[in-house]
Amino acid sequence: MKRKEVLIVGQGLAGTLLAFELHVAGVDVCIVNNPQKSTATRLAAGMVNPLVFKRMTKSWMVDDLLPLMKKRYRDLEELLGERFYFDMPMIKPLSEQETELWQERKADEKFAPFIEKINETSPVDHVFASHAYGIVKGSGYLKTGLFLDAAKRYFQENEMLIEDDFPATQSSFENHIFQDIQFDKIVFCEGHYLKTHPLFDFVRLQPAKGEVLQIYAPGLSENYIINRRVFVLPIGDHRFKVGSTYEWKDLTDHPTEEGKNSIIDRLKELIQVDFTVEAHWAGVRPTVIDRRPVLGKHPEFDHVYLFNGLGTKGVMLAPYFASEMKKFLVDNQYQVDKEVSSDRFL
């Protein structure tokens, strides 16, 4: 029988980044992933926005998250031999009232790393006229599918991946054995499937379905992300990911005409250029009711852990909190912040 120090269940963004953190730290780790289960990471646009436009505040913990995020993805690009994270400025069309608020923020040194400038005219063609245009810096995107595929190949080459389902029964984890592997600790990183996990029914997960389109728009600039009520994210060859929607009742991964029409209606209010819809996806985000990640140990089983709840800002959150989760797993004295600890729900 093989022995592993840590068994990770799920190879989405959380499980993948945690596996790399542990592997680089010299921990003998293995991932169990059911390829039949959908992951929101693979379908997501992977967009990073350091600002919250609704209140024009900085994204939670952005000053700590962003530098570490960029370094971690660059390190992984070097390790995996693929480029999958891209910096890209973002345009936010502004109303007169929004322009005043943006000007106040631009004068505040705390926002200096994230506001490039405020233009009177759009820096790209085919965007509907607005009072002004805010240019965000520090934004970008992760090619999520490319990243997960490159990571999967690495895990397979290093015999770190088992493609199978991990049964959510007490006996499956209580005896520390899965197939021919004996593990010391197990971490569940299964995204929105946590909602039906019998061990973690105390976590207040509030999954949200999101739908995204891929469009072909040869007349639109590929140098900026455009974001107002809908994002338009260049992915190359005159193609763009456009989204998104939020749905809390229908938690299937089936795209809907209602979702598609909602995105198209908002898109037509943002850009004035011909486009063709080429693809339409849906996925379920593992969002928590307080919009914070969940890291911790099960209150009854000392060897059972949880790393989940990355939600809509998972690309930015995952590297930092994977590092925190690694520390928590390898150091019995280390405590994660109360704001993200699973103990907050007990």
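Starting from 1, each residue takes its place in the sequence as its number.
In this structure, E77 contributes its side chain and Y85 its backbone to a donor-acceptor pair below 3.5 Å. Counting only distance, with no hydrogens or angles, the side chain of N49 and the backbone of L51 share a donor-acceptor pair below 3.5 Å.
Other residues, nucleotides and ligands contribute at most 12 non-hydrogen atoms within 6.0 Å of the CZ atom of R229. Other residues, nucleotides and ligands contribute over 12 non-hydrogen atoms within 6.0 Å of the NZ atom of K137. The number of heavy-atom neighbours closer than 6.0 Å to CZ of R291, taken from other residues, nucleotides and ligands shown, is above 12. Taking a 6.0 Å sphere around CD of E258, one finds it holds 12 or fewer heavy atoms contributed by other residues, nucleotides or ligands. Summarising the local packing, CG of D180 is surrounded by more than 12 heavy atoms from other residues, nucleotides or ligands at distances under 6.0 Å.
Between K71 and D75 a salt bridge is recorded (basic side-chain N to carboxylate O distance below 4.0 Å). In this structure, D108 pairs ionically with K110, as a charged nitrogen and a carboxylate oxygen lie closer than 4.0 Å. Salt bridge K338/D290: absent, no basic N to carboxylate O contact under 4.0 Å. A salt bridge is defined here as a Lys NZ or Arg NE, NH1 or NH2 lying under 4.0 Å from an Asp or Glu carboxylate O, and R3 with D184 meets this definition. K2 and E159 are not joined by a salt bridge, as no carboxylate oxygen comes within less than 4.0 angstrom of a charged side-chain nitrogen. A salt bridge does not link K143 to E82: none of the charged nitrogens lies less than 4.0 Å from a carboxylate oxygen. Taking 4.0 Å as the cut-off between side-chain N and carboxylate O, D63 and K58 count as a salt-bridged pair.
Taken to the nearest 0.5 Å, the NE2 atom of H131 stands 11.0 Å off from the CD1 atom of I118. Atom SG in C189 sits 7.5 Å away from atom CG in L306 (nearest 0.5 Å). Separation of atoms CZ (F183) and CG (D28) is listed at 13.5 Å; rounding is to 0.5 Å. Taken from CD in E21 to CG in L329, the straight-line distance is 11.0 Å, to the nearest 0.5 Å.
Classification of the F301-H298 ring pair by plane angle, with boundaries at 30° and 60°, yields tilted.
Under 3.5 Å, the side chains of K209 and T252 contain a donor-acceptor pair of N or O atoms. A donor-acceptor contact closer than 3.5 angstrom is absent between the side chains of T121 and N119. In the model, Q206 has no side-chain atom that pairs as donor or acceptor with a side-chain atom of T287 under 3.5 Å.
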What verdict does the side chain to side chain contact (heavy atoms under 4.5 Å, CB included) test give for L22 and I8, after you've listed the backbone C-alpha separation in whole Å, the side-chain angles of each residue and the deciding distance to 0.1 Å? CA-CA 10 Å; L22 292 168; I8 294 173; 4.1 Å; yes

Would H23 and Y154 count as a ring-ring contact (aromatic ring centres under 6.0 Å, His included) here? Give the steps. CA-CA 11 Å; H23 180 60; Y154 182 89; 5.7 Å; yes

Would V330 and V6 satisfy side chain to side chain contact (heavy atoms under 4.5 Å, CB included), going step by step from the backbone distance to the final call? CA-CA 10 Å; V330 302; V6 178; over 6 Å; no

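Criterion: ILVMFWY side-chain heavy atoms under 4.5 Å apart, direct or through other members. Under it, I235 and F275 are not part of a common hydrophobic cluster.
Ring-centre distance between F188 and Y193: not below the 6.0 Å cut-off. Residues F200 and Y305 place their aromatic rings such that the two centres sit no closer than 6.0 Å. Annotation: Y141 is in aromatic contact with F86 [ring centroid separation under 6.0 Å].
Contact detail for F202 and F345: the closest heavy-atom pair is O-CB, 3.4 Å.
Remark: R292 is not positioned above the aromatic ring of F321, lacking an NZ or CZ atom under 6.0 angstrom from the ring centre and at most 45 degrees off the axis.
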